[in-house]
Amino acid sequence: MTLPDTATNPAGADHTFQVDLRGLVDLLSHHLYSSPRVYLRELLQNAVDALTARHGIEPDAPADAFGIRMYADGSVVRVEDDGVGLTETDVHTFLATIGRSSKRAERIAEQRGDFIGQFGIGLLSCFLVADEIHVVSRSARTPDAPAVEWRGRGDGSYTIRALPVSARPRPGTTVTLTPRADAAEWTRPAKVHALARHFGALLRHPVTFDDGTGGPGASVNPEPAPWARTYPTPGTRSRALAAYGEEVFGFTPLDTIDLDLPAVGLKGIACVLPEAVPAGRRHGHRVHVKGMLLSEQAEEILPEWAFFVRCVVDAESLRPTASRESLYEDDTLAAVRDALAERLRAWIARAAASDPDLLTRFLQAHHLAVKSLAVHDNEIMRMLLPWLPFETTDGHTTLDAFARAHRTVLVTSSVEEFRQVAAIASAAGLGVVNGGYTYDRELVHRLPEIRPEVSVADLDPATLTAHLDPVDRETELAATAYLALAREALAVFDCDVALRTFQPASAPALLMDSREARHERTRSQLAREQDGGLWGDILGALRQEAPRAQLILNQLNPLVRTAVAIDAPELARTSAEALYGQAALLSRRPLRPSESSLINRSFLDLLAHALRKDS
């Protein structure tokens, strides 16, 4: 754009923007459209909208009376339609004015919802593969108007001339492109045919393709969408939909779910993935608008929790963005998303009520998705909570089976806490569920809503230690000296030491130490180190009585019985450190540097002691 000369343009005068068409095309190719291949989609879209307008003025014409013909032989690409066509005035108004669309013209404003494109920039995409666009059109609205030819060039210039009726005997439009050499990848006959199938396989108007070899034209969309066809039996239909899902997505669906929202003209299917996907990973869905493929990666059509399906849908009322490669976020899309979510909930409900085998296979693969849904959906929670698998002291089992075996269900707050206590709790007959995974603790606490006879409580260390039997007084007195040395050795970890008996006897020690307790002790240590400063005052204000860790030694274990009888102080301390380190390793929690150092040191000290003894 050039600045005006103020000598010839006095201050306050109106000026017109100058547009660099090459720069605009470059902007479109790099920032609006994802690939040059969209040129064919835009040509198809314009042809479909022209046919829609033609049916608007000739409503009694058969649905297949007007069609689209495509031709590509390597030297040209041509798209011809029997649509409404353009007069010379229309060409000046719409083809030569960037951003103005005939679909937004006042005379058809009330019908614009019937059209795919409404932005008036689609034809520019042809400059991604050609330097010139050649259009010949004849209007169906003004039958006696001559045909008109428009040639637009990439430098922003264009020419228009009227043609005799013989140049275009019937109404409609033909767009011809002569590809540039660098666009050969996108304009070869096989590629053009593949792109036409890709974008237009579900179009409702007949589309044919001719590769210039003299054979009959091939149909681009020989059949309607698979969900719109008639099948002899429900089983045949299910198999056909599954086969289509496999063709589109590359996997055999666990099941297919019909999607039908008449209010917005949406039809399609959701294919249930046969295997689990990472939590939170959202798959793109294949969305068509009025038969034209809009996007293969439309995430916004379903809620986040529905990552166990991939959808193919065709809708009438969803609005595409200017690039026509994603959906415009508006109230309609939000309503569609909510309605499709209800369809998925209904499918889960049907499987739970009538197909337990399918439900079991589904939950084995997608229990995390269902758990995320159950947290926020009371109906799904009541329906499926008993079926959901959890990690428990009885192994991986459903909550329903676990509740039948344990009327009191204890739940841990973290995975490491569960791993610390699982073996001992199981031996003691306690029913403990691992609540450390996403959603699990919250869901387990809701079990009494559907199983009133079951009580649920968070696992308290005191609950577990109450099931550990005390040793007799004589044994306790004999171990007093060892326990004192052990407490002294482990004081650096704020760890107390006790002697009990519990199963399994193969477990020498149990370390009771929650994450919250460790954090509180760390904060208390920082407060002591920062005593007197502002940071120390802040930490001091937050400080609570830090709960101590507890190392519980198992008197039933032969190694522990040998350790408590040690009368050499240094060896006793080393053995206590080794037992602490082994219990910390069994908890599978991250080790602090001081704990790693203690494990290494105690191992080397015990090894050195053994070597000295042998020598």
Student: Could you tell me whether the side chain of Arg37 reaches within less than 4.5 Å of the side chain of Phe199, counting heavy atoms only?
Tutor: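 Yes - at least one pair of side-chain heavy atoms lies under 4.5 Å apart.
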
Student: Answer yes when Glu342 and Arg345 have at least one side-chain N-carboxylate O distance shorter than 4.0 Å, and no when they do not.
Tutor: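 Between Arg345 and Glu342 there is a salt bridge, with a charged N closer than 4.0 Å to a carboxylate O.
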
Student: Please report the interatomic distance CG(Asp255) to CG(Leu241), rounded to the nearest 0.5 Å.
Tutor: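 Interatomic distance, Asp255 CG to Leu241 CG, rounded to 0.5 Å: 10.0 Å.
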
Student: For the residue pair Glu246 and Thr252, confirm or rule out a side-chain donor-acceptor distance under 3.5 Å.
Tutor: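 Glu246 vs Thr252: donor-acceptor pair found between side chains.
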
Student: I'd like to check Pro470 versus Glu476 (side-chain heavy atoms, cut-off strictly below 4.5 Å). Are they in contact?
Tutor: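 No, too far: nothing below the 4.5 Å cut-off.
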
Student: Would you say Val492 and Leu598 make side-chain contact, with heavy atoms under 4.5 Å?
Tutor: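 In short, these two side chains do not touch, never coming nearer than 4.5 Å.
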
Student: Distance from Met381 atom CE to Glu442 atom CD, nearest 0.5 Å?
Tutor: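 So the gap between those two atoms works out to 10.0 Å.
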
Student: What pair of heavy atoms forms the shortest contact from Asn557 to Ser506, and how long is it?
Tutor: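 Looks like ND2-O, 3.4 Å.
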
Student: For Thr393 and Phe402: C-alpha separation, side-chain torsions, deciding distance, then whether side-chain contact (heavy atoms from CB on, under 4.5 Å) applies.
Tutor: CA-CA 9 Å; Thr393 46; Phe402 192 72; 4.0 Å; yes

Student: Looking only at heavy atoms, what is the nearest atom pair of Val564 and Ala479, with distance?
Tutor: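 Nearest pair, atom of Val564 first, then Ala479: CB-CB, 4.2 Å.
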
Student: State, to 0.1 Å, how close Leu273 and His366 come at their nearest heavy-atom pair, and which atoms those are.
Tutor: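 Heavy atoms only, the tightest pair is O-NE2, 2.6 Å.
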
Student: Under 3.5 Å, sequence neighbours excluded: what are the donor-acceptor pairs made by side chains of residues 574-584?
Tutor:
unit_1, atom_1, unit_2, atom_2, d
Thr574, OG1, Glu570, O, 3.0
Ser575, OG, Tyr482, OH, 2.8
Ser575, OG, Leu571, O, 3.4
Ser575, OG, Ala572, O, 2.7
Glu577, OE2, Arg601, NH2, 3.3
Tyr580, OH, Glu595, OE2, 2.8

Student: So which heavy atom on His406 is nearest to which on Asp394, and how close?
Tutor: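 Residues His406 and Asp394, closest heavy atoms: NE2-OD2, 2.9 Å.
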
Student: Between Ala374 and Leu443, what is the shortest heavy-atom contact and its length?
Tutor: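 Result for this residue pair: CB-CD2, 4.0 Å.
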
Student: Identify all side-chain donor-acceptor contacts of residues 357-365 below 3.5 Å with residues at least two apart in sequence or on another chain.
Tutor:
unit_1, atom_1, unit_2, atom_2, d
Thr360, OG1, Pro356, O, 2.8

Student: Can you measure from CG (Leu202) to CG (Leu293) and round to the nearest 0.5 angstrom?
Tutor: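 Separation between the atoms: 8.0 Å.
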
Student: Under 3.5 Å, is there a donor-acceptor pair between the side chain of Asn554 and the main chain of Phe502?
Tutor: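 Yes; at least one donor-acceptor contact below 3.5 Å.
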
Student: Are any of the side-chain nitrogens in Asp258 or Arg237 under 4.0 Å away from the carboxylate oxygens of its partner?
Tutor: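 Salt bridge between Asp258 and Arg237, a charged N being under 4.0 Å from a carboxylate O: yes.
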
Student: Just so I know, are the side chains of Phe493 and Arg592 near enough to count as touching, which here means a heavy-atom distance under 4.5 Å?
Tutor: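 Yes, close enough: below the 4.5 Å cut-off.
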
Student: Using atom types as modelled and distance alone, determine if a side-chain donor or acceptor of His285 lies under 3.5 Å from a backbone N or O of Val313.
Tutor: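 Checking the backbone N and O of Val313 against the side chain of His285, no donor-acceptor pair under 3.5 Å is found.
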
Student: Would Arg350 and Asp355 pass as an ion pair if we require N to O under 4.0 Å?
Tutor: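 The answer is no: the pair does not qualify as a salt bridge.
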
Student: Which atom pair, heavy atoms only, marks the closest approach of Gln503 to Leu556?
Tutor: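 Between these two residues, the closest heavy atoms are NE2-CD1, 3.5 Å.
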
Student: Would the number of heavy atoms belonging to other residues, nucleotides or ligands and lying under 6.0 Å from CZ of Phe603 be above 12?
Tutor: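 No, CZ of Phe603 has 12 or fewer neighbouring heavy atoms, counting only those of other groups under 6.0 Å.
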
Student: Could you grab the distance from atom CD1 of Ile450 to atom CG of Leu399, nearest 0.5 Å is fine?
Tutor: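 If we round to the nearest 0.5 Å, Ile450:CD1 and Leu399:CG are 7.5 Å apart.
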
Student: Is any side-chain heavy atom of Ile599 less than 4.5 Å from a side-chain heavy atom of Leu591?
Tutor: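 The answer is yes; the side chains approach within 4.5 Å.
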
Student: Is a side-chain N or O of Arg561 found less than 3.5 angstrom from the main chain of Gln555, in a donor-acceptor match?
Tutor: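 The answer is yes, because a donor-acceptor pair under 3.5 Å joins these two groups.
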
Student: Using modelled atom types only, decide if a donor and an acceptor are shared between the side chain of Thr256 and the backbone of Cys271 within a distance under 3.5 Å.
Tutor: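 The answer is no, because no donor-acceptor pair under 3.5 Å joins these two groups.
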
Student: Show the numbers, then the answer: is there a side-chain contact (heavy atoms from CB on, under 4.5 Å) between Asn434 and Val415?
Tutor: CA-CA 6 Å; Asn434 185 352; Val415 174; 3.9 Å; yes

Student: Does some side-chain heavy atom of Leu607 sit less than 4.5 Å from a side-chain heavy atom of Leu611?
Tutor: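 A side-chain contact under 4.5 Å exists here.
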
Student: Just wondering, do Val312 and Trp227 contact through their side chains at under 4.5 Å, heavy atoms?
Tutor: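 Side-chain contact under 4.5 Å: yes.
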
Student: Is it the case that atom CG in Asp338 sees more than 12 heavy atoms from other parts of the structure closer than 6.0 Å?
Tutor: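 Yes, the 6.0 Å shell around CG holds more than 12 heavy atoms from other groups.
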
Student: Supply the atom-to-atom distance Phe307 CZ to Leu302 CG, rounded to the nearest 0.5 angstrom.
Tutor: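 Spacing of CZ (Phe307) from CG (Leu302) equals 12.5 Å.
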
Student: Between Arg407 and Glu453, is there a side-chain N and carboxylate O pair less than 4.0 Å apart?
Tutor: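 Answer for the salt bridge query: yes.
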
Student: Checking salt bridge (Lys or Arg N to Asp or Glu O under 4.0 Å) for the pair Arg343/Asp260: CA distance, chi angles, key distance, verdict?
Tutor: CA-CA 9 Å; Arg343 297 296 187 275; Asp260 187 3; over 6 Å; no

Student: Please check if the side chain of Thr501 supplies one atom and the backbone of Asp469 the other of a donor-acceptor pair under 3.5 Å.
Tutor: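 Yes; at least one donor-acceptor contact below 3.5 Å.
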
Student: Got Arg310 and Phe251 here, is their nearest side-chain heavy-atom distance under 4.5 Å?
Tutor: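 Yes, at least one pair of side-chain atoms sits under 4.5 Å.
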
Student: Nearest 0.5 angstrom please: Leu385 CG to Thr398 OG1, how far?
Tutor: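 Going from the CG atom of Leu385 to the OG1 atom of Thr398 covers 10.0 Å.
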
Student: I'd like to know whether His445 forms a side-chain contact (heavy atoms from CB on, under 4.5 Å) with Val411, so could you lay out the CA-CA distance, the side-chain angles of the two residues, the decisive distance to 0.1 Å, and finally the verdict.
Tutor: CA-CA 8 Å; His445 271 286; Val411 58; 3.4 Å; yes

Student: Answer yes or no: is there an ion pair linking Arg337 with Glu329, defined by an N-O contact shorter than 4.0 Å?
Tutor: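 Salt bridge: yes.
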
Student: Show your working on side-chain contact (heavy atoms from CB on, under 4.5 Å) between Leu430 and Val421 and close with a plain yes or no.
Tutor: CA-CA 10 Å; Leu430 296 176; Val421 305; over 6 Å; no

